[in-house]
Amino acid sequence: MLTHSTRRWLAGLGVAGAFVAASATPASATPAPGASAAPAENLDLYANNVIVAPGGIEKWLTLFSLTTERQPDDYTIKVDRSKIDGFADVESSGENCTESGAILTCKVEDQDDDGSYLNLVSLVVHAKADAKPDQKGELSFTVTPDGKSGSASFSSTVEIGEGVDLTTNEYLELKGAPGATLKAPFQLTNRGEVPAKDAVLYVVGADGLQPSKRYENCEYAEGPLHDFAFACRFDTTIGENSSFRLDDSFGFTVPTDSWAPNTFGGFSIWFTPADWDEYRSEAELPAKIGPNGTEGELKLEPVMNLRSRQTDVNPLDNSTWVDLQVTGDQRADVAARGAKVTGDVGATVALTVGYVNNGPAAVNTGGSGSPWVGTTVTLPKGVTAVRAPENCFDSEDDGWESGKPGARVYRCFVDGSIKKGEKVDYEFQVRIDQAGDQAGEVTLRTGHEETEIKDLNPANDTAQILVNGGGDGGQGGGDDDGGSLPITGQSTGLIAGLGALLLAAGVGGYLVAKRRRTRFVA
């Protein structure tokens with residue numbers, strides 16, 4: 001079972017067959033452009049906008065309640081389709097809805113929620129055969145908690161676009177040693193009968209897939225939105241049966257401190273400008289995902305030989321998996337750091353443990369061949385944790401409640417690259433309950449969920465925790481000089497199954513993800 005904070009970080013919306021999970025939007029979410037909401041009785045509603053085209057693929061439109069409190073058991077939802085009935089069909093995906101003219105009435109029964117979200121109703125939207133580009137209207141929702149007074153309302157926009165059909169190569173394999181710069185010829189083809197005016201390329205991936213240059217027409221994410229993410233806009237018309245690719249200046253540079261051998265994964269998807277606007281509103285990305293680069297303009301070059309807003313009639317073939325194989329032999333030594341504390345019985349004292357990366361490779365960078373470092377902290381029997389870091393979990397608690405006091409054995413994780421010489425600190429507050437010497441330990445596990453990857457010196461992956469004397473505190477080969485990365489509260493971003501979720505975008509929907517600041521590792 002995921003924690004409350006973990007379940008809130010992600011929702012999947014988009015075309016039919018999409019992955020749908022908990023919404024990452026906080027309760028104070030601002031509606032997407034073109035949508036409006038009215039608050040009522042602890043409900044905070046959100047639903048995405050969609051743009052569809054005659055002959056194009058159908059899309060999901062999903063209504064969530066983004067409340068942070070446990071809600072009443074049952075709801076009645078009225079969906080008013082009258083303003084879009086002339087050009088689009090909207091149907092319920094479930095069995096608990098009835099129709100009366102333009103009104104859908106849906107019943108939502110008790111859900112096993114943790115107070116973080118409620119998936120109220122999911123609808124399938126597709127354009128009617130005689131729909132015309134630029135037709136637009138609102139789909140209105142009214143939600144009434146059964147047995148309660150008051151209701152909440154929300155409206156989303158359904159729009160008809162001009163259909164185009166973009167496609168790209170499904171797979172791109174790259175190979176190189178640490179420090180190498182590798183060309184990445186992403187390609188775009190228009191298989192439709194309508195010229196595609198302009199395009200947007202969105203790329204996300206593991207930390208080891210870093211763009212070699214930062215271009216003026218590309219926006220680059222800052223902070224823990226993804227391991228890396230950028231979006232490039234191209235003012236180029238892709239004519240019927242024409243193909244373009246990125247110019248030769250584009251590529252990825254393998255970090256010089258990359259663990260090797262290793263394999264990093266990434267993902268790209270092409271959008272029409274209108275589809276990019278739709279995706280950005282669903283994912284609650286800002287108007288700009290980050291600052292533009294300064295190293296010239298990235299261009300689309302032809303491979304061969306102002307309209308209405310356009311939408312891709314088949315977005316299932318717009319995405320490319322990127323597979324970067326890092327060659328060579330470069331690993332790291334991570335060393336556990338224990339502690340020695342003293343105090344009177346009944347006193348509460350600080351206890352700081354963790355690890356240091358002795359290099360030369362960085363760790364926690366992602367990839368199938370490099371390790372995530374997990375830390376198991378076993379406290380002495382004579383002490384009680386009265387405060388634990390938010391990214392430490394009681395190893396016996398299936399609910400994975402972060403920062404839970406009172407456990408004896410914690411599993412701790414930190415997200416983000418840890419380079420040579422950097423340290424990770426997990427800061428506890430413990431109460432000394434009995435006199436005398438007591439011992440615990442810090443143990444590192446290098447690897448992934450099911451596979452262990454040995455570092456250069458497994459002998460220093462364990463260090464002692466000593467309370468009230470008993471010799472050296474056991475720093476496991478590390479030292480206390482230099483800066484640490486304190487883990488007293490929230491860690492950096494959460495990247496959980498990014499590639500798989502983006503695959504869902506290519507196969508049946510668009511990923512909706514918002515930054516979270518605690519890594520969850522099952």
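The shortest heavy-atom contact between S402 and E390 is CB-O, 2.7 Å. Closest non-hydrogen pair, P380 versus Q438, comes out as CB-CB, 3.5 Å. In terms of heavy atoms, R431 sits closest to V386 at NH1-CG1, 3.7 Å. Heavy atoms only, all atoms of each residue included: R331 and A260 are closest at CG-O, 4.3 Å. When all heavy atoms of G208 and P255 are compared, the closest pair comes out as O-CD, 3.3 Å. Contact detail for L246 and L201: the closest heavy-atom pair is CD1-CD2, 3.9 Å.
K213 NZ: more than 12 foreign heavy atoms inside a 6.0 Å radius. Under a cut-off of 6.0 angstrom, the local environment of CD in E170 is sparse, with at most 12 non-hydrogen atoms contributed by other residues, nucleotides or ligands.
Checking side-chain atoms of Q330 against main-chain N and O of T256 turns up a donor-acceptor pair under 3.5 Å. Without hydrogens or angle criteria, N357 side chain to A361 main chain gives a donor-acceptor distance under 3.5 Å. Judged by distance alone, the side chain of N364 and the main-chain N or O of S417 form no donor-acceptor pair under 3.5 Å. Between the side chain of N217 and the backbone N or O of R233, at least one donor-acceptor pair lies under 3.5 Å. With hydrogens and angles disregarded, a donor-acceptor distance shorter than 3.5 Å links the side chain of Y220 to the backbone of Y215. Proximity of a side-chain donor or acceptor of N292 to a complementary backbone N or O of E216 within less than 3.5 Å is detected. Judged by distance alone, the side chain of R408 and the main-chain N or O of A385 form no donor-acceptor pair under 3.5 Å. Side chain of Q210 to backbone of A206: no donor-acceptor contact under 3.5 angstrom is found. A donor-acceptor pair under 3.5 Å is formed between the side chain of N48 and the backbone N or O of T62. Side-chain N or O atoms of S212 include one that pairs as donor or acceptor with a backbone N or O of G251 at under 3.5 Å.
Salt bridge status for D425 with K423: absent, with no side-chain N to carboxylate O gap under 4.0 Å. The existence of a salt bridge linking K59 and E278 is confirmed by a sub-4.0 Å separation between a basic side-chain nitrogen and an acidic carboxylate oxygen.
Side chain to side chain, N468 and T342 fail the donor-acceptor criterion of an N or O pair below 3.5 Å.
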Original post:
R280 and D275: salt bridge (charged side-chain N to carboxylate O under 4.0 Å, His left out), yes or no, with the steps?
Top reply: CA-CA 8 Å; R280 202 176 65 243; D275 288 340; over 6 Å; no
Original post:
Given R337 and V356, is the side-chain contact (heavy atoms from CB on, under 4.5 Å) satisfied, shown in steps?
Top reply: CA-CA 7 Å; R337 301 170 62 234; V356 61; 3.9 Å; yes
Subject >> CA sep, side-chain torsions, deciding dist, call: S370, N262, side-chain hydrogen bond (donor to acceptor under 3.5 Å, both in side chains) >> reply: CA-CA 6 Å; S370 62; N262 194 11; 3.1 Å; yes
Subject >> Trace of the side-chain contact (heavy atoms from CB on, under 4.5 Å) decision for T443 with T375 >> reply: CA-CA 6 Å; T443 304; T375 306; over 6 Å; no
**OP:** Apply side-chain contact (heavy atoms from CB on, under 4.5 Å) to L298 and D247, showing your working.
**Re:** CA-CA 7 Å; L298 179 61; D247 67 48; 3.8 Å; yes
**OP:** Decide yes or no on side-chain contact (heavy atoms from CB on, under 4.5 Å) for F267 and T320, but give the supporting numbers first.
**Re:** CA-CA 6 Å; F267 196 86; T320 301; over 6 Å; no
**OP:** Assess whether side-chain hydrogen bond (donor to acceptor under 3.5 Å, both in side chains) is satisfied between T446 and D455, documenting all intermediate values.
**Re:** CA-CA 7 Å; T446 53; D455 69 341; 4.9 Å; no
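Ring planes of F250 and F230: tilted class, angle from 30 to 60°. Using the six-membered ring where Trp is involved, Y202 and W276 have ring planes that are tilted, between 30° and 60° apart.
T263 is listed as a side-chain neighbour of D323, based on a closest heavy-atom distance under 4.5 Å. A heavy-atom distance below 4.5 Å is not found between the side chains of V430 and T384. Within the 4.5 Å cutoff, no side-chain heavy atoms of V373 are placed close to those of I418. With contacts defined as side-chain heavy-atom distances shorter than 4.5 Å, the pair Y355/V442 does not qualify. Within the 4.5 Å cutoff, side-chain heavy atoms of L188 are placed close to those of L166. Counting heavy atoms from C-beta outward, F428 and V353 have side chains that approach closer than 4.5 Å. Within the 4.5 Å cutoff, the side chain of V322 has heavy atoms near those of the F186 side chain. Side-chain contact check for L172 versus W321: every heavy-atom pair is 4.5 Å or farther apart.
For F393 and Y410, the gap between ring centers reaches or exceeds 6.0 Å. Separation of the W372 and F413 ring centroids does not fall under the 6.0 Å cut-off.
The only member of L182, T327, L209 that meets side chain to side chain contact (heavy atoms under 4.5 Å, CB included) when paired with V254 is L182. Here the rule is side chain to side chain contact (heavy atoms under 4.5 Å, CB included) with I465, and of T378, V341, V377 only V377 fits it.
Taking CD of Q325 as the reference point, atom NZ of K175 lies at 5.0 Å (rounded to 0.5 Å). For the atom pair SG (C232) and CZ (R214), the distance works out to 10.5 Å, reported to the nearest 0.5 Å. Rounding to the nearest 0.5 Å gives a distance of 13.0 Å between NZ of K299 and CG of D248. The distance from the CZ atom of R445 to the CZ atom of R411 is 8.0 Å, given to the nearest 0.5 Å.
K419 is linked by a side chain to side chain donor-acceptor pair (under 3.5 Å) to D257, counting only residues two or more places apart in sequence or in another chain.
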